[in-house]
Amino acid sequence: MPTSFKTLAELCEKLEATNKRLLMMSLVAEFLNSLEPEEVEPAVSMLLGRSFPKWSQQTLDVSWATLSKTIKNVTKADWKVFLEAFGETGDMGSATKILFESSKVDKQSTLFERKLTIVEARRGFEAIAGTVGSGSKEKKQRLIEALLGSASSLEAKYLAKIFIGEMRTGFYEGLMEQAVSKAFQIPLAIVEKASMTVGDVGEVAAIGKNEGKEGLLKIGFEVFRPVGLMLAQTASDVVEALKEHGGESAFEYKLDGARIQIHKRDDDVRIFSRRLTNVTASLPEIVQVVQKNVKAEEAILEGEVIAVDSKGYPVPFQYLMRRFKRVHAVQDMVEKVPVALYLFDILYLNGESLISFPYTRRRKILTENAEEIPLSKQLVTDEMKEAERFLEEAIDAGHEGLMVKKLDSEYTPGMRGKRWLKIKPVLEPLDLVIVAAEYGYGRRHEWLSNYYLAARDAETDEFLMVGKTFKGLTDAEIIIMTKRLKELTIKEEGRRVIVVPQVVVEILYNEIQKSPKYKCGMALRFARISRIREDKTPEEADTIQRVREIYEKQFLKKGTYKTS
Ligand code: AMP
């Protein structure tokens, strides 16, 4: 029997009500067990707040402006109720539920009232994602109305959460892997490995349900299905990096560009961004370079594209972003913003996964297959002085710093760890999320030009404010930002608007101070925006724990001054 969306929503309520991980995991395992095979992946995605599997190219693209308008239409309730509820709960899903409860529209009298199933909800999402082009806003609105129109207040709560991609039940991916392992009696290590390879635990769950352990053991890479990226942690200097890696490391230039994953089969080349979206159309010359040089029949490669001037020197990241935004007249941009590709890894070659090979071996295979495409400049050393010179050289050449890679390390998709470390020698910029904004004064009075910056609390998923800034963006950027933030506005408070935490910005600052002004107890001093991180999601932004680490390190440094 098809499972209703209501059952999923009720499960989410139970998850929200407890913080006992084991209990959460058992509840989900039991639920997974009860599902029909075709329901497993959609249900897993939804429980994690996703409308589609992670690697999918489909996105709902529903702005908060559209969603709130639809919610108003469907409920015909007083919007004040929503705002008050949001003020109390700080959660859009809960506020939506309270608004639905106060709705005057009588659901019982609807002639076609029927139960929404999990599969129907997914079909609804697919229809919404499929509307593009002119008039799509209205069409999307109608489709959302159709979904919400037949939803109970509890279902509406979780539909709204999935629409904005923020579940907040405290149930995260690692627990989902445990639940899959328990539900289908497959060893956790096998589930985790499959999840890393496929890049999506929902799909792993579906295979687990249908084919069991054997199915998961068979899983390999598939060309054209993007793989989760291996990510790096920060190291303060080369000494720390060398120590972490047991005395010897590979140091590579850290290029200030955009990470890409290149998939190739014969002459078909597709390129995926850091967020795993298909950006092939924006980078025609990279496609050509790969077609010309990479002779392997099938390969998955990784590298960084950087924008360069006529002499080949790197130019700031903003210029590069123009390439990705441009949908039309790509050719025009190809001439205006030339780019260069530097490869740094290879994950798959002619039917064979290379991710469990050590770094050094992958790098050798990469060298053999890249032909004339340059690799990131590299130095393998156990000498601190030599590594420091290499860092200076990278900075002098206009790059950001160094990436340091452990020589015997596997490639671990989707994981941030210490096997890759990044060293950026300046006070490390923070990627923060805009949670509110204020209209400026004088010339800027119609623009949202003063931004409230927050870091995510990794323990509670809450966004905590750490500073404010009106510096760093050009007028043109402020105008675009205003438009974007208006679309994301949840609530207006005089000249201030509270927005859905979605826009990530890179922030430079001089110091982190202790401050009673903010809940987290810290505030950034002289914060300024250095760039808009279109390539990062709010979940990927820096955490409050990271801010605290930098804060504490400042004192360590100050301490050494005193004693020396
Ligand atoms: P961050 O974006 O600050 O977390 O730094 C990690 C990013 O640095 C990666 O995702 C890549 O986009 C980029 N990067 C630049 N050069 C390299 C390199 N040689 N190896 C790996 N990543 C690099």
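Just so it is clear, the values below take in all heavy atoms, side chains as well, and ignore hydrogens, waters and symmetry mates. Only a predicted model underlies this, so the values are computations on that prediction, with no experimental measurement involved.
The side chain to side chain contact (heavy atoms under 4.5 Å, CB included) with Q291 is formed by just one residue from the set N293, V287, V294; it is V287.
At least one side-chain heavy atom of W420 sits under 4.5 Å from a side-chain heavy atom of D345. Side-chain contact between M24 and T18 is present, with heavy atoms from C-beta onward closer than 4.5 Å. Taking the side chain as every heavy atom from C-beta outward, R548 and Q545 never approach each other to under 4.5 Å. Side-chain atoms of E166 and P538, non-hydrogen and from C-beta on, never get closer than 4.5 Å to each other. Between I365 and F357, the closest side-chain pair of non-hydrogen atoms falls below 4.5 Å. Side-chain contact between V28 and L175 is absent, with no heavy-atom pair separated by less than 4.5 Å. A 4.5 Å side-chain heavy-atom check between F251 and L391 finds every atom pair outside the cut-off. Side-chain contact between Y451 and I529 is present, with at least one heavy-atom pair separated by less than 4.5 Å.
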Next item on the list: Determine, step by step, whether L354 and L347 satisfy the side chain to side chain contact (heavy atoms under 4.5 Å, CB included) criterion, reporting the C-alpha distance in whole Å, the side-chain angles of both residues, the deciding distance to 0.1 Å, and the verdict.
Entry: CA-CA 5 Å; L354 311 181; L347 317 190; 5.8 Å; no
Item checked: Audit row: I300, Q261, side chain to side chain contact (heavy atoms under 4.5 Å, CB included) steps and yes/no -> CA-CA 7 Å; I300 302 179; Q261 193 174 80; 3.9 Å; yes
Next item on the list: Go through T234 and R546 one step at a time and tell me if the side chain to side chain contact (heavy atoms under 4.5 Å, CB included) criterion holds.
Entry: CA-CA 10 Å; T234 306; R546 177 79 198 122; 3.5 Å; yes
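Listed by chain and number, the residues in a side chain to side chain contact (heavy atoms under 4.5 Å, CB included) with K377 are Y253, F390, E393 (sequence neighbours excluded). By the side chain to side chain donor-acceptor pair (under 3.5 Å) test, D431 is found to be paired with K536, residues two or more places apart in sequence or in another chain being considered.
Judged purely by distance below 3.5 Å, without hydrogens or angles, the side chains of S356 and R361 never pair a donor atom with an acceptor atom. Counted by atom type alone, E252 and Q378 present zero donor-acceptor pairs between their side chains at under 3.5 Å. Checked by atom type, the side-chain pair E41/S45 shows a donor-acceptor distance below 3.5 Å.
The structure places CD of E285 at 4.0 Å from CZ of R323, a figure rounded to the nearest 0.5 Å. Between the CD1 atom of I306 and the OH atom of Y342 there is a distance of 5.0 Å, given to the nearest 0.5 Å.
A salt bridge links E302 to R259: at least one charged side-chain nitrogen sits closer than 4.0 Å to a carboxylate oxygen. A salt bridge between D256 and R531 is present, with a side-chain N of the basic residue lying under 4.0 Å from a carboxylate O of the acidic one.
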